[in-house]
Amino acid sequence: MGILRLTVLAALAALPGVAGGAEIVGNSSVGITEFSVGKFRYFKLSRPFPEEAILRNISSNVTFLIFQMHSQYQNTTISFTKTFLPSTSATGIDKGLVFILRPEQSMCFWYMEALDAEPVQNMAIPLSYSETDPIPGGCNLEFDLDIDPNIYLQYDFFETTIKFAPANLGYARGTESPPCDVSTGQDTRWRLQYDVYQYFLPENDLTEEVLLKHLQRMAEVPHVTANAVKVVTLTANDKTSVSFSSLRGQGVIYNVIVWDPVLNTSAAYVPAHTYACRFEAMEGNCSSLGRASTKVFFTLFALLGFFICFFGHRFWKTELFFIGFIFVGFFFYILITRLTPIKYDVRLILTAVAGSIGGIFLVAVWWRFGILMLCMLCVGLVLGFLISSVTFFTPLGNLTIFSNDEVFWVTFSGIAVLIPVIFMSCLRMLNILACGLVGSYSVVLAVDSYMYTSLSYVTLNVLKRALSTHFRGAFTNVPFQTNDFIILAVWGMLAVSGITLQIRRERGRPRFPPHPYKLWKRERERRVTNILDPSYHIPPLRDRLYGRLTQIRELFQKEQPAGERTPLLL
C-alpha cells in the first residue's frame, strides 16, 4: 500500500498546472521530515536515498508557498517529484521551490537529497503568502523552473553578480495566473519593483553555525528590511541583474524583495550567500586568504613604509625609492596583468623587480640632476592617488554617474593632481604628509594579507577598476565592523604620530637636502686643489688596485728559506 500511495502522489504532482506537491492524506510514514510554516528547521541529509518532506495544516488563505533550503558550501537538491528533473528540481547551496496551492489543498510534499557522500547540514523553512502578494520568479523565461524564486550568483576575483527571474502578480487559488508580457499597464507585473539587499556576515568568521543563524535574518520580508542594507531599487524595465565587488573571505548574503506599489504587498526571493572563495579548494581556499608570496611582498613593503612614516623626510633618498617603487610598480602590475596570462606569483615578482628599478631610477634622477619639483610631483601624485581612492571608497563612489569610465577616471585623476597643486607653496609639508599617510597605509595592506580588513579595498577597488572593464557597474560596498575600526585607529595613530614627529624634528632645519651631485663635484675639486688634505696624497685608483692585486699574489707565493746555503770558505 505504501508503494501504491507514493505512486499516486507522484502522478498527481506531475499533472499540468500543479506547481506544488499533491495533498497527502493520512499520517506521515517513517523517514518523512515534517515542517511547519514559518519555522526554521535544522537537519542533515546523506546519500544515497532522497528524503521526503511534508507540510501539513496549510491555511485556506494561503495561495502559494516558498520552501527554501540552505547549506554552507555543499550542494543539495530539492524536487517536486522523486525523479529529479531539471524542470522540477533545483540544486545548489541556497535553493527554493514555489508551491502554487490548489483549492482546498492543506498539505504538500517534496523531496530532498544530498549530492556529497558525507552528510550535509541544512537549514530549511517554508514561507506562506496570500493572493495579493507578488510571486517571486513568476514570470521566469531564462531558467529551468516554471516559477523560479532563486537568486543565481556568480563570482570571480573582481565582482559578484546576482541574477533573478521577474516576478508576477499574485492571484487566488484555482484561477489562472496573470499574463506576463501581454501588456505593460498598471494592472500587470510591470508595475512591480525590486529592492536588492546586502547583508554582511561577521568578519573573519567562516563557521557554518554563524552562516545559518544569519540566514534566518534574510529569509522573510520584515527581517530583511530590518537587518540588511538596501543597495538599489530596480523597476520592471531594468535588467534583473546586479553586480557587487567581490570580497574574498568575507561572507555576504543577498536577497531581493519584490514590492507591489498598488496593493502595498511584498514577497522575498530565496536568499543567496557567498564568500567569493571555495572551501574545498586545495590551494587558495577560504581558510588561507593570503598566498605566501603576497605575505612576503606586503610584509617587506610595510617594513619600508613604517620606516618612511617616521623618518622619510630625513632619509630623503630612501623615501624617493619608496615613492618610485609605488609609482612604477602599480602601473607595471596593471600592464602585465592585462597583456599577459602569467601566474600571480610571477607577476608579483616581476612587479617587485620593476618597482625597485623605478625607485632606483628616481633616486638616480635626484642625485644627478637635483630637480626637486619633479621628485615632489611624484610624491604629490602618490599622496593624491591615496586621497582620491579614499574619496571613492565612500558612498560617493557608488553614484550612478561614476559607472561611466570617462567620468570616473577624469574625476579620479583631477583629485590626484589637485593635491600637489594645493601644496605647491609648502613642499616640505607635502612631503611629510605623504610620508605619514602613505607609509602608514602600507601597514594596513600588510595586515590584509594575514586577516580580512575592508580598508584594503581603498586601493584594491581602484586596481580592480583599472584591470576589468566590467567592474565599472559593480557596487563597492564593504562591511565596516570591529576589526576595521581597530585597524582604522591604528592607521590614524601611525599617520598622526609620524607626521607630528617629523614636523617637530625638522623644525629649524633646511627644507630639503642639497643637490648630491653638486656636493660630490665640489668635494672632488677641493681634494684635487688642497694639498694639505690627506686625501690629496691618495694614489690613483689604478695604482691602488694594482697594489691590492700584488698583496693577494704574495699570499700564494712559497716562502723562501732564510740563511746561507753555501759552506763557509776557510
Side-chain angles (χ1 to χ4, degrees), residues 200 202-204 229 245 247 249-250 289-290 294-295 297-315 318-319 322-323 325-327 330 376 378-398 412 415-416 418-420 422-423 426-463 476-507:
F200 294 108
E203 292 177 337
N204 300 313
V229 176
S245 174
L247 309 176
Q250 169 62 46
L289 290 179
T294 304
K295 294 179 180 179
F297 180 89
F298 283 104
T299 300
L300 296 177
F301 183 68
L303 291 176
L304 179 59
F306 185 83
F307 178 82
I308 295 300
C309 177
F310 290 94
F311 308 101
H313 190 73
R314 173 69 64 87
F315 296 88
T318 306
E319 182 201 346
F322 180 70
I323 296 298
F325 183 93
I326 296 174
F327 206 91
F330 181 80
M376 287 308 303
C378 296
V379 172
L381 288 177
V382 171
L383 177 60
F385 171 84
L386 180 60
I387 293 177
S388 185
S389 300
V390 172
T391 302
F392 283 95
F393 183 70
T394 63
L396 180 67
N398 287 325
F412 186 91
I415 297 175
L418 185 63
I419 299 303
I422 293 176
F423 289 93
C426 45
L427 296 180
R428 180 166 66 176
M429 179 57 66
L430 171 63
N431 192 54
I432 292 176
L433 288 176
C435 291
L437 293 174
V438 179
S440 58
Y441 183 72
S442 66
V443 178
V444 175
L445 294 178
V447 171
D448 182 68
S449 62
Y450 295 93
M451 58 180 292
Y452 177 86
T453 171
S454 297
L455 293 177
S456 63
Y457 288 91
V458 169
T459 53
L460 186 56
N461 284 338
V462 180
L463 179 62
T476 57
N477 301 330
V478 294
F480 219 78
Q481 302 177 14
T482 304
N483 291 342
D484 300 305
F485 284 108
I486 295 175
I487 297 175
L488 179 62
V490 172
W491 181 18
M493 180 188 67
L494 289 176
V496 172
S497 301
I499 293 171
T500 304
L501 178 64
Q502 294 194 71
I503 290 177
R504 292 177 61 89
R505 188 176 58 240
E506 298 301 322
R507 188 176 300 165

Q) Going from OG1 on T500 to CZ on R505, what distance comes out if it is rounded to the nearest 0.5 angstrom? A) 11.5 Å

Q) To the nearest 0.5 Å, what is the distance between CG (N461) and OG (S456)? A) 8.5 Å

Q.
Under a 3.5 Å threshold, yes or no: a donor from one side chain and an acceptor from the other, between S245 and N477?
A. no

Q) Between atom NE2 of H313 and atom CG of L501, what is the distance when rounded to the nearest 0.5 Å? A) 12.5 Å

(Q) Within the 4.5 Å heavy-atom criterion, are F385 and S388 side-chain neighbours or not? (A) no

Q) Between CG of N431 and SG of C426, what distance do you get to the nearest 0.5 Å? A) 11.5 Å

Q | Nearest heavy-atom neighbours spanning T453 and V444 | A | CG2-O, 4.3 Å

Q) Any side-chain heavy-atom pair from S454 and E203 closer than 4.5 angstrom? A) yes

Q | Other residues, nucleotides, ligands: >12 heavy atoms within 6.0 Å of F307 CZ | A | yes

Q. Does the side chain of V478 reach to within under 4.5 Å of the side chain of D484, using non-hydrogen atoms?
A. no

Q) Atom OG in S442, atom CG in L386: separation rounded to 0.5 Å? A) 10.5 Å

Q) According to the interplanar angle, ranging from 0 to 90°, do the rings of F322 and F301 count as parallel (below 30°), tilted (30 to 60°) or perpendicular (above 60°)? A) parallel

Q) Are any side-chain N or O atoms of E319 and backbone N or O atoms of F311, one a donor and one an acceptor, separated by less than 3.5 Å? A) no

Q. Would you call F315 and I308 a side-chain contact if the rule is heavy atoms closer than 4.5 Å?
A. no

Q.
Quick check for you: to the nearest 0.5 Å, what is the distance between F310 atom CZ and L494 atom CG?
A. 5.5 Å

